[in-house]
Every structure is written in structure tokens, then in C-alpha cells.
Protein chains: 2
Amino acid sequence: MVVYAGQGDPRRSIELLWRGSVTEHRPGPKPGLSVDAIVDAGIAVADEQGLAFSMRAVGERLGHTAMALYTYVPGKNELVDLMYDRTMAELPTSYPLDDGWRPAVTRWAHDMWECYGRHPWVLQVSQARPVLGPHEFAVTEALAAILVSTGLPGRQLRGIVGAINYFVRGAAQTIAEARAAGGATGEADEEWWYARSAVLLEIEPDLAKKFPMLHLLEQDREPVDPSLPYLENDALENFRNGLRVLLDGIEGAVAKP
Amino acid sequence: MVVYAGQGDPRRSIELLWRGSVTEHRPGPKPGLSVDAIVDAGIAVADEQGLAFSMRAVGERLGHTAMALYTYVPGKNELVDLMYDRTMAELPTSYPLDDGWRPAVTRWAHDMWECYGRHPWVLQVSQARPVLGPHEFAVTEALAAILVSTGLPGRQLRGIVGAINYFVRGAAQTIAEARAAGGATGEADEEWWYARSAVLLEIEPDLAKKFPMLHLLEQDREPVDPSLPYLENDALENFRNGLRVLLDGIEGAVAKP
DNA sequence: GTTGATTCTTTATGCCGTAAAGTATCGGAC
DNA sequence: GTCCGATACTTTACGGCATAAAGAATCAAC
């Protein structure tokens, strides 16, 4: 299931996301943890195990129990929100426009793609309800800054920003989850794929005849980067070609009316 | 967390997906259930509760215990695979090309968008590892059939098929999860949104100055369909405008070399 | 009538997030 | 210096989940 962003107390969540340095504290034992440390540990655990990580795992990585985290963070959902926004802090907040908007958007998309590759669990955090954290804002601001330079009206730019986001996210998901699922069962993704399609061909031998267009689509293949495995090659090729088409569409809109 | 497709025994999964009518049975009590009935019940429950539905809920809807399901289906993951493929059966398997590829793709995208709207949980099923069911194949075959008529080479079409899929999926997710999250907390999404952004503006009053381009992007708004709530209006506008840009990009590729 | 395959229920295991209650540690007030 | 109350953290416990294991009921074939 997907973890929805921000179902807890809105004030508490937003304060955690936007907080400055914070909190001198008066009485009581000195804190052995901090929100920052917990968020870092959470990211590390999620990088290994995905969003299905447990609070116990995060606590243990910090030498404490799961319940210790609840002193700093209201619950797992809010922790995921914080992890998400922290991850977005890895990305640049502006891109040079010297060569125009197109190379800048391309770089933005590649940076985003790589960030998703480093932290695949981010793709499982709902993007519908924005986490509304500062770094998420900054990332979108960076893309918006590039696109505003096209001179297109806001109405059209909103659709474009969405399209780029969806595309990068989707393309990244294809590859990230392929890797993750292989890891989950202990199989390499290649093996998984071959096992499935072998069985499929055995049960449904005339697959190519039943779905001729899909079969046609699979023709005309050559490895983009021979050092990469099959599925990643595929994903990379689709990412580049798809992005090119999308950018062509934007170019058309800029050129026209 | 996301439910990954097909982690069980590949042979069993694929047989379930592609099985014909199946199974006379010899001794033992007559089955009170069937795979079909379970899949239907699963879809009904998931439509209400999302992918976090429990096997108990599905069993009870059929007047049985959770464990009864395991006679027919290896586990929850496989059930979700079956539900996914069954849902894809709602979509047309071909589109007329009388007016060319562009209106056909537009209709495909709208049908898909609406199907996601009816069954939002589908958006949470991993799309990385295709479920490899017959109806999923058929849906993609339909899109491929349209796009092959452009005459573009497979290399390029694969990226385009991906881009369209990702875009529709992403756009549908934005709206579907907005609705779902509202339902989860019992708030309407409008209220949720206003509560969050009110707190945000209170804590960070000069938001518009910190992210000027985002602020600029939000200008130039007018409701597409006044009968719809705010967020849905937004999503619909972005869907239409984004799709237009994407199709323009394809048109450019068709016209050019 | 008996055997054995099949359906379904019962029970139990081991996860999960987190509520509640208890313990230890400290700063400030007196 | 002593005590109060807030804070940090642990322990224990609860209800929920998927599903393994074992048992009860049902029927066809011999």
C-alpha cells in the first residue's frame, strides 16, 4: 500500500518540515537522538528495504527501541514525509539557462531520475498530496524557473510541469521496481523476467500472433549501453526517447502562438 | 507500501491469469467459491478501501473466512495481480483510426484515466514488472496498434508508449489519491488542503517570495468545469493540457524525418 | 463402507504500528 | 541540598495483518 503524506496533525507536521534549528530544552535527561538523526537512519533503512521498513529497524540502527522515535516524530507517516523532503534536498535548486530551457530541463530530468534511482522508496510516497516541505518546493521551483523562461502562460506550464514530473517518475519507477522486485525474491531481474516469459510462452505459444502490434514494437532493438543489463538498457532508451518527444512538444508550444 | 506483482511461483501465477474455464473436480465437497468470485469481491473491497484491504474483508464479503481464499489463490499478491488484469478487461481492445491516430490516442488516454478513477487502487500496483495478464496485454496492444499507424520506428514508439502510460498514470494518481486521502481521514480534500496551506502560510508567511516561480505558475487560473471541486478542476486541466503537449511532440516526430 | 482427495474452519505464529505505563535523568525553585 | 516536574527512553501490551498447520466436514470412486 502507498503511504499517504501528512495524515497527522497538520501543524505538527509542517513545523517539523520547516523548523529552524529549534529547541533548547529545560529539564530532563539529555536527548540521545534527534529528528535529523532519525530521518537519516530512516533513509538508510528505506534505501535497503523499501517503504516497508519498520520503526523497529530504524530504532535499532540508532541503538534504541522503536518507541524512542515517537519522542521526536509523531508516527511513521510523518517520518516518511520528513525522509521524502530530506531526499529532495539532494537536488540542485537552480539550473543555468545559458543554452536555453531545453538542456536545462533535460538536466533537471536526469538529476531527478538519478535521485529516484538512489532512493527508490521515494517513488512509493504518494505524490498526490504534496508533502509541502521546503526542499520539495525548491525542486519544483527549479523546474518552474526553467520553464517560465519559455514565456508560456501559467495555464499551459502547469500541465507541462505535471507531464515532466509524471514522465520522470514513471520512467524511474519502471527501472527501480524492476531492481527492487529482483532483490525481494533474491532473483536477479533478468532471471525473473526470463522465468516468467518462458512459462508464458509455454502456456500461450502463439503470443506474438495474438498481440501482433506489441510484437512489432519489440523489433528494432540495439543496446544503448552494452555494459548495462537488458532491462536497464530498455529503461534508459525509453527514458531518453520519451523525454525527447515530450520536449519536442514543449518546443512546438513555444514556437507556435 | 507497494504490492509487487508476481513474486510467487511464476507457473501458478501465469496459469491463473491465462487459465481457460478449468477444473472439473473429482472427490470432496463442492466448491462454494471460485477464483472469479474472489477476484470480483477483491475488486469491490479494494474500490472501497484501497490496496490495504485485508483478506478477511474479501472472505467475509463472500460469507467465508480469510483462509478459504487460499484454496483458490496462492496469496494476496497473486490475488492483486488477478484483480489488476480483470480491471484492464473493462477497457476497449481497439480504437477506430478513421480520423487518424491523434483522436484515437486521446480516447485511449481518457478511457484509461476513467478506469483509474473507478479503481484507484490499480495505480498502486507496481507497473514495473508487468503482471503479464491477457487483458493488460490487450490494453497495451490497443495503444500500440494506434501508434504503429504513425509509421514511426519501434525504437521511438517504445519511448512514446511509455510516456503516454506514465503521463496518464501520473495524472490519474494526482486526482485519485487526493480523493482517497481525504476519505482516509474523513476530511474532504478541499478542507485538508486549506488546513495544510493555512498552517503553512502561518509558519512561512513569505512563501510567495521564497518561491516566486511557483507563485507565478499559479496565476492565470479559470475553472474548466465549475461543477467540479477545486482540486479536480486542476487535475483535469493539467491532464488535458499535458496530453496536448505530449501529442504535439509525437506529431512533430511523425512530421519530421 | 471405506478410502482419500478436496473444501473450509480453527488455531497459532510472527510480524507490524503504536498506546499506556513505568523508570531513569536532569534543570530549576526553594 | 532537596525535591518537583518535565523530559527521554524502555517495557509491556493490544489489535491488526498475512498465512502456516492442523483438524473437521464432505463427497466420488472403488
Side-chain angles (χ1 to χ4, degrees), chain A residues 1-4 6-9 12-13 22-38 41-42 45-46 49-83 121 124 184-185, chain B residues 1-4 6-9 12-13 22-38 41-42 45-46 49-83 121 124 184-185:
Chain A
M1 93 206 60
V2 165
V3 174
Y4 290 108
Q7 286 180 337
D9 173 29
R12 177 84 191 274
S13 293
V22 235
T23 56
E24 81 294 15
H25 77 113
R26 226 47 58 86
K30 282 167 195 161
L33 289 175
S34 67
V35 175
D36 279 341
I38 291 172
V45 173
Q49 318 188 352
L51 259 200
F53 74 89
S54 72
M55 295 296 270
R56 283 171 175 86
V58 178
E60 270 164 26
R61 172 174 281 253
L62 295 165
H64 290 268
T65 64
M67 289 311 292
L69 310 180
Y70 286 85
T71 306
Y72 300 88
V73 153
K76 187 179 173 179
N77 283 335
E78 289 79 1
L79 173 56
V80 170
D81 285 358
L82 292 170
M83 287 161 54
W121 51 271
Q124 299 166 233
T185 53
Chain B
M1 92 210 53
V2 166
V3 175
Y4 290 107
Q7 288 181 334
D9 174 28
R12 177 85 191 273
S13 293
V22 236
T23 55
E24 81 293 15
H25 77 115
R26 222 51 53 85
K30 282 166 194 162
L33 290 175
S34 67
V35 175
D36 279 341
I38 291 172
V45 173
Q49 318 186 355
L51 260 201
F53 75 88
S54 71
M55 295 297 269
R56 265 205 261 293
V58 178
E60 270 164 26
R61 172 175 281 253
L62 295 166
H64 290 268
T65 63
M67 287 311 293
L69 310 180
Y70 288 85
T71 306
Y72 301 87
V73 153
K76 188 178 174 181
N77 284 336
E78 288 80 1
L79 173 56
V80 169
D81 285 357
L82 292 170
M83 288 162 53
W121 51 270
Q124 298 163 234
T185 53

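Computed from a predicted structure; not experimentally measured. Any value given below was found using the heavy atoms of this structure, including those in side chains, with hydrogens, waters and symmetry copies removed.
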task: Please assess A:F53 against A:L79 for the test side-chain contact (heavy atoms from CB on, under 4.5 Å), listing each intermediate value before the final yes or no.
output: CA-CA 11 Å; A:F53 74 89; A:L79 173 56; 4.3 Å; yes
- request: Any chance you could lay out the side-chain contact (heavy atoms from CB on, under 4.5 Å) test for A:V73 and A:L82, step after step, and finish with the verdict?
  value: CA-CA 9 Å; A:V73 153; A:L82 292 170; 4.1 Å; yes
task: Would you check, one step at a time, whether the test side-chain contact (heavy atoms from CB on, under 4.5 Å) holds for B:V58 with B:L69?
output: CA-CA 8 Å; B:V58 178; B:L69 310 180; 3.9 Å; yes
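Counting 5' to 3', DNA chain C first comes under 4.0 angstrom of a heavy atom of chain B and last does so at the ends given by C:dG4 to C:dT10. Protein chain B touches strand DNA chain D; the 5'-most and 3'-most nucleotides with an atom under 4.0 angstrom of its non-hydrogen atoms are D:dC17 to D:dA29.
For B:K76 against B:A52, the heavy-atom pair with the smallest separation is NZ-C, 4.2 Å. The two residues B:G42 and B:M83 have their closest heavy-atom pair at O-CE, 3.3 Å. In plain terms, the two heavy atoms of B:G32 and B:H64 that are nearest each other are O-NE2, 4.5 Å.
Between B:R12 atom CZ and B:E78 atom CD the span is 8.0 Å, to the nearest 0.5 Å. Here the CG atom belonging to A:L62 is positioned 5.5 Å from the CG atom belonging to A:L33, to the nearest 0.5 angstrom. Within the model, atoms CG of A:D36 and OH of A:Y72 stand 11.5 Å from one another, a figure rounded to the nearest 0.5 Å. Between the CE atom of B:M55 and the CD atom of B:E60 there is a distance of 12.5 Å, given to the nearest 0.5 Å.
In this structure, B:S54 reaches the sugar-phosphate backbone alone: every heavy-atom distance under 4.0 Å involves primed, P, OP1 or OP2 atoms, never a base.
Each of B:G28 and A:G75 lies near DNA chain C, and the nucleotide nearest B:G28 is the one positioned closer to the 5' end. Residue order along DNA chain D, read from the 5' end via each residue's closest nucleotide, puts B:F53 first among B:K30 and B:F53.
Of the residues in residues 60-67 of chain A, those placing a heavy atom less than 4.0 Å from an atom of DNA chain D are A:H64, A:T65, A:M67, in numerical order.
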